[in-house]
J.: 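My structure is below; once you've seen it, I'll send some questions.
Within every chain, numbering begins at 1; the chains are lettered A, B, ... in the order of the sequence lines, protein sequences first and strands thereafter. Side chains included, hydrogens not; waters and symmetry mates left out as well; all remaining heavy atoms used.
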Amino acid sequence: MERRIRFRLNGEWVEVTVKPNELLLNVLREKFGLTGPKYACGIGECGACTVLVDGEPVLACLTLAVDVDGRDVVTIEGLARDGELHPLQKAFLEHGAIQCGYCIPGFIMVAKRLLEENPYPSEEEIREYIRGNICRCTGYVNIVKAIKAAAESLRAGSSSHT
Amino acid sequence: MVKTVVIKPKVDINKVNTHILPVDFEYYEPRTLRELVELLDKLGPSAKILAGGTDLLVQIKQRAVEPKYVVNIKKVRELDFIEDRGDYLAIGAVTRLRAIEKNSLIAEKFTALHEAVRAMAGVQIRNMATIGGNLCNASPAADTAPPLMVFDAELKIVGPGYEKVIPITQFFKGPKKTVLKYNEVLAEIRIPYPKPPTGSAFIKIARTAMDLAKVNVAVALRVDEDDYIRWIRVTLGSVAPTPVRARSVEEELIDKRFSEEIVRKASRLVVNDISPITDIRSTAEYRREVSKVIVRDALLIAYKRVRGV
Ligand SMILES: Cc1cc2nc3c(=O)[nH]c(=O)nc-3n(C[C@H](O)[C@H](O)[C@H](O)COP(=O)(O)OP(=O)(O)OC[C@H]3O[C@@H](n4cnc5c(N)ncnc54)[C@H](O)[C@@H]3O)c2cc1C
Ligand code: FES
Ligand code: FES
């Protein structure tokens with residue numbers, strides 16, 4: 001039986017009809033054209049599909065779409081403000097933390113929550129927080145550097161992003 | 001006549017496609033515990049409870065489970081709490097692992113449970129997964145089981161028109177098997193506060209920070225002023241069909257004076273209590289050997305915590 005659900009997606013209320021067995025990841029990608037969240041393992045191992053639900057990073061590949069009815073969903077597409085990239089996005093670019101890029105939306109969504117919870121993360125705390133995300137290209141070193149740099153620029157409050 | 005040869009593929013592609021949930025089901029969202037139990041009773045055994053979904057949805061993707069009905073338990077608000085009730089701490093079954101990890105009372109009084117939860121998966125899964133799901137999934141490797149067992153936790157189970165409280169040691173029946181009937185739910189976990197001074201610790205050996213345990217162990221102990229061990233619990237996971245108490249180790253150490261030497265000797269006895277197998281994560285031999293080592297290490301850490309050093 002199909003269901004009509006309504007949720008906030010990157011700041012705007014949206015409505016969509018879904019079947020109970022439809023996954024949030026597929027609904028975001030196929031019904032809303034948001035291809036930032038990536039499908040990779042499909043079983044929770046890699047973090048490529050990470051989105052924020054009510055502000056917390058979760059895996060869209062293991063979330064039923066019906067389960068976000070009434071809730072707040074943010075994907076990587078929702079981070080830029082007025083055409084300006086989020087400090088995390090800028091830092092990833094500046095530090096060469098992106099190679100093929102497939103894993104990056106997941107890393108950035110997780111890092112966003114990390115920096116809200118902990119504005120002064122140590123390298124160890126960063127590595128601990130991103131352990132649910134796999135990157136096959138970069139070797140993580142530049143990803144960690146980028147998150148550290150973004151933490152600094154967010155602390156300096158040099159941008160309109162919160 | 002041409003004979004058609006049907007070549008059967010080695011893997012059934014429908015069982016490895018993890019992109020979709022290849023099963024149609026009806027979906028329910030009860031709001032109260034009572035409604036939940038009545039619904040389960042009505043739907044019968046082909047219904048499955050969905051909590052965080054981090055075990056269940058993976059199993060549906062792999063067609064290990066094909067439920068006709070899925071009952072989302074997360075909207076039952078009365079099952080989401082961490083509450084100090086004087087003699088014991090109560091944790092609602094749908095409490096997320098992340099909330100448990102962040103609770104300072106749990107970190108202080110039930111350190112082994114705090115450490116176990118921190119050692120689980122990545123932050124995304126800990127935001128989704130519930131403690132009830134970890135127990136009800138009944139994996140022999142479930143990380144919250146050993147610490148809850150060392151603290152003598154009890155489980156409140158609710159069925160249609162009744163509720164009961166059982167010791168966690170009676171809950172697991174085998175891999176993926178618990179005592180729960182189709183119309184019963186795990187509602188809450190009760191953990192009695194141990195008498196001070198008690199120390200506890202959890203250690204997990206896994207291939208990566210994200211993986212299930214090859215072996216995990218939780219210990220708790222209390223020593224008197226003269227260093228005699230007056231209460232002790234040792235529980236291991238992933239080395240038997242269910243999490244197991246290492247009674248040989250406990251019996252060897254109770255009422256003995258704590259020393260590294262006797263702990264090392266007693267820890268070797270753990271092999272009498274476990275029956276590990278070889279699987280994709282590890283071998284039986286390795287599990288036996290490393291169990292001795294982590295039992296010893298965990299006991300030494302727990303002792304230091306009793307002494308506050
Ligand atoms: C990548 C990855 C890493 C993981 N790492 C770990 C790890 O390190 N350690 C570990 O122990 N586990 C790990 N897991 C397994 C899983 O995340 C945990 O077992 C989790 O706690 C399950 O909780 P859930 O709420 O997601 O359960 P669900 O998947 O929603 O449910 C699990 C089972 O329990 C039943 N159920 C749930 N709640 C109740 C209830 N209240 N009453 C009756 N039945 C109920 C469901 O019907 C289902 O059969 C991992 C999983 C993944 C995908
Ligand atoms: S695609 Fe979701 S965790 Fe890998
Ligand atoms: S940049 Fe290619 S997987 Fe991370």
J.: Please rank A:T50, A:D67, A:V53 by heavy-atom pairs under 4.5 Å with chain B and give me the top one.
T.: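 Most heavy-atom pairs under 4.5 Å with chain B: A:D67.
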J.: Could you tell me which portion of A:E2 (side chain, backbone, both or neither) has an atom closer than 4.5 angstrom to a non-hydrogen atom of chain B?
T.: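 It is neither, since no heavy atom gets under 4.5 Å.
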J.: Without swapping roles, check the side chain of A:R131 against the backbone of B:M210 for a donor-acceptor pair under 3.5 Å.
T.: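 Here the side-chain-to-backbone pair does not exist.
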J.: Restricting to non-hydrogen atoms, name the atom on A:L59 and the atom on B:M128 that form the minimum distance, rounded to 0.1 Å.
T.: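 Taking A:L59 first and B:M128 second, the nearest heavy atoms are N-SD, 3.4 Å.
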J.: Do B:T18 side-chain atoms and A:C41 backbone N/O form a donor-acceptor pair below 3.5 Å?
T.: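 Yes: the side chain of B:T18 pairs with the backbone of A:C41.
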J.: When rounded to the nearest 0.5 angstrom, what distance separates CG in A:D54 from CG in B:N127?
T.: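 The CG atom of A:D54 sits 10.5 Å away from the CG atom of B:N127.
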J.: At a heavy-atom distance under 4.5 Å, which candidate from A:P57, A:G132, A:C61 has the highest pair count against chain B?
T.: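 Result: the option with the highest number of such pairs is A:P57.
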J.: May I ask you to name which of A:L114, A:L64, A:L25, A:N133 has the most heavy-atom pairs under 4.5 Å with chain B?
T.: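 Greatest number of close heavy-atom pairs with chain B: A:L64.
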J.: Can you check whether B:Q124 reaches A:R113 side chain to side chain, under 4.5 Å on heavy atoms?
T.: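 They are not in side-chain contact.
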J.: Counting heavy atoms not belonging to A:E124, are there more than 12 under 6.0 Å from its CD?
T.: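 No, not enclosed.
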J.: How about NZ on A:K31, more than 12 heavy atoms from neighbouring residues, nucleotides or ligands closer than 6.0 Å, or not?
T.: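 Atom NZ in A:K31 is crowded, with more than 12 foreign heavy atoms closer than 6.0 Å.
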J.: For A:R136, look at atom CZ and say whether over 12 heavy atoms of other residues, nucleotides or ligands are found less than 6.0 Å away.
T.: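 Count not over threshold, so no.
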J.: Is any side-chain heavy atom of A:V110 less than 4.5 Å from a side-chain heavy atom of B:V123?
T.: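 The answer is yes, as the side chains (C-beta and beyond) meet within the 4.5 Å cut-off.
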J.: Can you tell which part of A:Y39 gets under 4.5 Å to a heavy atom of chain B, answering side chain, backbone, both or neither?
T.: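 Contact with chain B is through the side chain of A:Y39 alone.
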J.: Under 4.5 Å heavy-atom distance to chain B, tell me which part of A:E22 shows up: side chain, backbone, both or neither.
T.: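 Neither part.
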J.: Heavy-atom distances under 4.5 Å only: say whether A:L62 touches chain B with side chain, backbone, both or neither.
T.: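 Both the backbone and the side chain of A:L62 come within 4.5 Å of chain B.
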J.: Donor-acceptor check, side chain of B:R98 to backbone of A:E56, threshold 3.5 angstrom: yes or no?
T.: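 No; zero donor-acceptor contacts below 3.5 Å.
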J.: Counting heavy atoms not belonging to A:R71, are there more than 12 under 6.0 Å from its CZ?
T.: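 Yes - once you tally the heavy atoms of other residues, nucleotides and ligands closer than 6.0 Å, there are more than 12.
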J.: In plain terms, say whether B:E26 and A:R3 are close enough for a salt bridge, that is, a side-chain N and a carboxylate O under 4.0 Å apart.
T.: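 Between A:R3 and B:E26 there is no salt bridge, as every charged N stays at least 4.0 Å from the carboxylate O atoms.
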J.: Picking from B:V70, B:I60, B:T208, B:V58, which has the most non-hydrogen pairs under 4.5 angstrom with chain A?
T.: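 Going by pairs under 4.5 Å, I would pick B:V58.
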J.: For B:R207, I'd like to know if atom CZ has over 12 heavy atoms of other residues, nucleotides or ligands within 6.0 Å.
T.: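 Yes, CZ of B:R207 has more than 12 neighbouring heavy atoms, counting only those of other groups under 6.0 Å.
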J.: Does the A:N26 side chain pair with the main chain of B:H19, one donor and one acceptor, at a distance under 3.5 Å?
T.: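 Side chain of A:N26 to backbone of B:H19: a pair is present.
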J.: Can you tell me if NZ on B:K214 sees more than 12 non-hydrogen neighbours from other groups inside 6.0 Å?
T.: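 Correct, the count exceeds 12.
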J.: Which atoms of B:A209 come close to chain A, meaning under 4.5 Å heavy atom to heavy atom: side chain ones, backbone ones, both, or neither?
T.: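 Both backbone and side chain of B:A209 come within 4.5 Å of chain A.
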J.: State, to 0.1 Å, how close A:V66 and B:Y27 come at their nearest heavy-atom pair, and which atoms those are.
T.: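 That closest heavy-atom pairing would be CG2-CZ, 3.4 Å.
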J.: Please classify the contact between B:L56 and chain A as side chain, backbone, both or neither, with a heavy-atom cut-off of under 4.5 Å.
T.: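 Neither part; nothing is under 4.5 Å.
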J.: Checking the side chain of A:K19 only, and the main-chain atoms of B:D24 only, is there a donor and an acceptor separated by less than 3.5 Å?
T.: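 Side chain of A:K19 to backbone of B:D24, a donor-acceptor pair under 3.5 Å: no, none is there.
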